[in-house]
There are 2 protein chains.
Amino acid sequence: MTPGASPTLRDVAQEAGVSPAIASRVLNADPSVRAREDTRERVRIAAQRLGYVPHSLARSLRGARTGAIGLVMHGLDSPINVDVLRGAQARCAESGYVTLLAEAEELTQNDSQLHAFLARGRLDGVILHSGYGHEDLLLEAVSRSVPAVLVNADHGGAVSTVRVDDAAAAALAVQHLLDLGHREITFIAGPAGSETSDRRQSGYCRALETAGLVETADVMHAEWSAAAGRAAAEDLLDRPRLPTAVVVANAVTAAGVLSGFRDAAVTVPGELSVVGVHDSWFLEHLAVALTTVRLPLQALGAAAARVLIDEIDARVAKGASRQGGKAGAGINGARAPHDEFISEPPPQLILRSSTGVPRE
Amino acid sequence: MTPGASPTLRDVAQEAGVSPAIASRVLNADPSVRAREDTRERVRIAAQRLGYVPHSLARSLRGARTGAIGLVMHGLDSPINVDVLRGAQARCAESGYVTLLAEAEELTQNDSQLHAFLARGRLDGVILHSGYGHEDLLLEAVSRSVPAVLVNADHGGAVSTVRVDDAAAAALAVQHLLDLGHREITFIAGPAGSETSDRRQSGYCRALETAGLVETADVMHAEWSAAAGRAAAEDLLDRPRLPTAVVVANAVTAAGVLSGFRDAAVTVPGELSVVGVHDSWFLEHLAVALTTVRLPLQALGAAAARVLIDEIDARVAKGASRQGGKAGAGINGARAPHDEFISEPPPQLILRSSTGVPRE
DNA sequence: CGTTTTTGGAAAATCGATTGTTCACCAATT
DNA sequence: AATTGGTGAACAATCGATTTTCCAAAAACG
C-alpha cells in the first residue's frame, strides 16, 4: 500500500495474512464463513489498525444496492415543504441511506441534470414530492429507472403514494369556525390542478354539508405563495358582500392573506376570522398570529422514506432469490403499489389569535 | 443482454460490432481515439437504439471522480439557511454534480451516519455549513477524507471558506437608524461563539464608532431562534431605560423580537425601531413588516460550490499528471486554502415598516 | 492403515467502464 | 523485396469488494 493512499480490503487481508475473500466475509460477519476465531480476530485487528473504510462504490457495483435514495423536492422556498424534506432525509439516514437532493423544477427543465441524477446505479429509489401536478414527465422518467414513492399526490395507482389527511384538516378548520358561530366561510384553495388543494377543498365542502350549509360554499383559488394570498385578500375585499371567515389551504398563502387584510385595515379576527392549514414556527409571528390545523409533515416525509425502503428491500430480496437478477429486472412490476394515509398524529387545531366570533 | 436488464457498454459494443474499448472512447469523444467515421456512427446509433446509460458507479470506480458533492447543513428549520442550501445545490447541479444532503446535528451525533456519508469513494468534496462553532470534529472528519469548503466560518486557515460581508451588513443597519436620528441602539447578537454573530457585532461597533457613539454600544445575546428573540425582547423591556432602536443579528430572531414587543403592546416603530439582518419572503408578513439588510445567501451557497468545484478540478488535474495517483494522496496539501468574501451584490437595505424616527 | 468427511481458507470470476499496450494490415519508402 | 510508418481496432489490466468454486490438510471412521 502506497503511504497516503487509503487502505483497501487487499491491504487488510495482507496485513492479516489471509485472502481478501476471508477478510471480506469476516468484516461483513457473513454467517456462512468458516474461519478460526483467531483468524477472525487477526482480520479485525488489521482493519482497525489500518483504519480500513470500505469503498462504497466498489461494494455497490458488485452488490444489488447503492445505499442512496433520491429526494426530488418542490418549492423549497416554503418551510412547509422543507419539513417534508427533513422528515424524509432523517428517516433515510436512520436506515443507513444517504440522500441525494434535487429540485423538481431544475430536473424538469434540464435534461442533463435529470440524467446525472438518474444515472444507472446511482440510486436505489426516489421520493418524488409533487407540487402542481406538472410532474408527469418526471415521474415517468424516474419510475422507469428505479422504485419511486409519490408524496401528496395520487397518480393513477401506478406508483406508491403517501399522503396526509388533507380533507380532515380542512374540515377541522371549518368546524372550528362553525363552532365560533360563523356561517359564511370562504375557502381560498391552492392552484387548480393541485390534488392536495382538491382534497382540502372537498374536506371544506364536506364540513359545510354536514352542517347543512352547503349552499354557502364559496371557493377562490390562489397559487401557493404569500403574494398570491395577498392578491386573493384584495380580491375578496373588493366584493360587495364579505364572508365572516376565511379558510386558507396553505400557511404561506395565509401569511399573504393576513398582510392583505392588514394593508386594507381590516381587523382580524374582529372583522374577519382566518384559519390556515399547516403548522410552522413563523405562523405565530405573522401580522396576526395565525390559527391553523397542524398536519404531520415531517412524519409524511418519514413515511415516504419508510415505504420506499420497504419496496427496495422487497426488490433486493426477490433479486437475491433469483440468484442476483440484474437491477432493472421487473421494475415496478415488483409489488403492488402501496397507498398510505398518515393519520398519526391526526390533524390538530392550533389556536392562536386569528379567529373569534363573527362580527355583528 | 437479458431482456429487461439495462444495457451495458458491452451490449452497445456488440450491437455495433466493435470492442468495448472503442465504444467507450467514441461515446466519450476521446480525442485520442482513431476510428473511421462510419465506425463511430455505428457505435452512436447502437447506443441510441439500446438506450444506453453509463453506469455511474462503474465509471467512478475506475476514474478519479464520483460526480457527487456532500452538503452538510445546519438549522434547516430556518429559511435563511435553506437559501444557502438552495444556492449550493443549484450551482452543483449546474456543474453536473449531484448533491448529498446531511444535517450536521445528525452527523455529529451518529457515527454510523457519518461513516455512511463519508464512505470512501462516495464524494468528491463537501460543503460544510457552520452554525454554532461546534463542528470542529465534523470538519476534522470531513477534511481528512475529501476537500471541504466552510460556509460562514473561519477555521484557522486550514480549509477554504466563503462568507458574506456580515460586518458591512450590520453597519448598514446601524447607519440607517443613525440617519433616522437614533442615538441609542441595542444590538441583539447571536449565541456566543458564532463567528457570524461576532462579525456582525463588530460591524455594529464600527458604525457606532464612526459616528462617535461608541460609548452607547449595548449588546445582548440570543440563540438563532424566534423563541430566543421573544425572550430577548422581554428582557429588554424589563430594563429601566430603553434604547430607541434595536438591530437584530438574524431575521428569525427578529421575528420573535417583534412578537415580544407586540405581546407587551410596545408599538413598532412608534416606540422602538427594529432592523434585522437577512432577507426572506416571510419578513414582510411579520407582526410588523421588518426592515432588513439583505445578504446574498443563495450567492453564498453558490460561491461555496464554485470554490469547492475549483478545488476538485485542481486536484483531479494534479492527480492525472501524476499518472492516476490514488485519491487520498496529499489531501489538503493540494492547494492553499481559498478565502472568499461574497461582495456582489453588496448588502442592501430593504425598507419596510419597522423603522422610523425615534420617540420623543 | 486407507478412505470418507469435515474444516479452513485460497483462487478466480464478476460487477461495468476506462485506458495503456499491442497487433494486424496496407501503403509508402529505401 | 524488405523495412518503416501509419491507421484502425482488439486485448487485457485495472478500480475495490463480493461470492462461488474449489482444493489442501486435518480429523473421523471402518
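Order of the sequence lines fixes the chain letters, A, B, ..., with proteins taken first and strands second; residue numbering starts at 1 for each chain.
The side chain of A/S24 places an N or O atom within less than 4.0 Å of a non-bridging phosphate oxygen (OP1 or OP2) of D/dT18.
A donor-acceptor contact under 3.5 Å links the side chain of B/R25 to the base of C/dG20.
Atom C1' of nucleotide D/dT14 and atom CG of A/L57 are separated by 15 Å, given to the nearest angstrom. Residue A/L27 contributes atom CG, which lies 10 Å from atom P of D/dA17 at whole-angstrom precision. Between B/H55 atom NE2 and C/dT14 atom P there is a gap of 17 Å when expressed in whole angstrom units. In this structure, B/Y52 atom OH and C/dG16 atom C1' are separated by 7 Å, rounded to whole Å. D/dA9 atom P lies 14 Å from atom CG of B/D30, rounded to whole Å. Atom-to-atom, CZ of A/R10 to C1' of D/dA17 comes out at 11 Å; the value is rounded to the nearest Å. Atoms CZ (B/R65) and P (C/dT19) sit 12 Å apart, rounded to a whole Å. Counting to the nearest Å, the P atom of C/dG8 and the CG atom of A/D38 are 10 Å from each other.
Considering only side-chain atoms of B/R59, the nucleotide from C/dA17, D/dG8, D/dC11 that sits closest is C/dA17. For A/T39, counting side-chain heavy atoms from C-beta on, the closest listed nucleotide (C/dG9, D/dG16, D/dA12) is C/dG9. Which of D/dT18, C/dA17, D/dA9 sits closest to the side chain of A/L9 comes down to D/dT18. The B/A58 side chain lies nearest to C/dG16 when the options are D/dT18, D/dG16, C/dG16. Listed nucleotides D/dT21, C/dT19, C/dG16 differ in distance to B/T8; the shortest reach to its side chain belongs to C/dG16. For A/S19, the listed nucleotide lying nearest its side chain is C/dA10; candidates were C/dT19, C/dA10, C/dG9. Considering only the side chain of B/R62, C/dT18 comes nearest among C/dT18, D/dG8, D/dA10. In the set C/dT19, C/dG9, C/dA10, C/dG9 carries the atom at the smallest distance from any side-chain atom of A/R36.
Residue contacts shown for A/R34 include a base, since a base heavy atom lies under 4.0 Å away. Residue contacts for A/A35: at a heavy-atom cut-off of 4.0 Å it reaches the sugar-phosphate backbone alone, with no base atom in range. Across all strands, A/V18 comes closer than 4.0 Å only to sugar-phosphate atoms, never to a base (heavy-atom distances).
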(request) Could you walk me through whether B/V26 and B/R44 pass side chain to side chain contact (heavy atoms under 4.5 Å, CB included), step by step? (result) CA-CA 8 Å; B/V26 167; B/R44 280 190 285 256; 4.3 Å; yes

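You'll find the side chain of A/R42 reaches within 4.5 Å of the side chain of A/T39, heavy atoms only. Between A/V84 and A/M73 the shortest side-chain heavy-atom distance falls below 4.5 Å.
Contact check on B/E311 versus B/R315 returns no salt bridge, with no Lys/Arg side-chain nitrogen under 4.0 Å from an Asp/Glu carboxylate oxygen.
A donor and an acceptor atom, one from each side chain of A/R25 and A/S32, are located under 3.5 Å apart.
Within 6.0 Å of CD on A/E37 lie more than 12 heavy atoms contributed by other residues, nucleotides or ligands.
Mapping B/G17 and A/I22 onto DNA chain D by nearest heavy atom places B/G17 closer to the 5' end of the strand.
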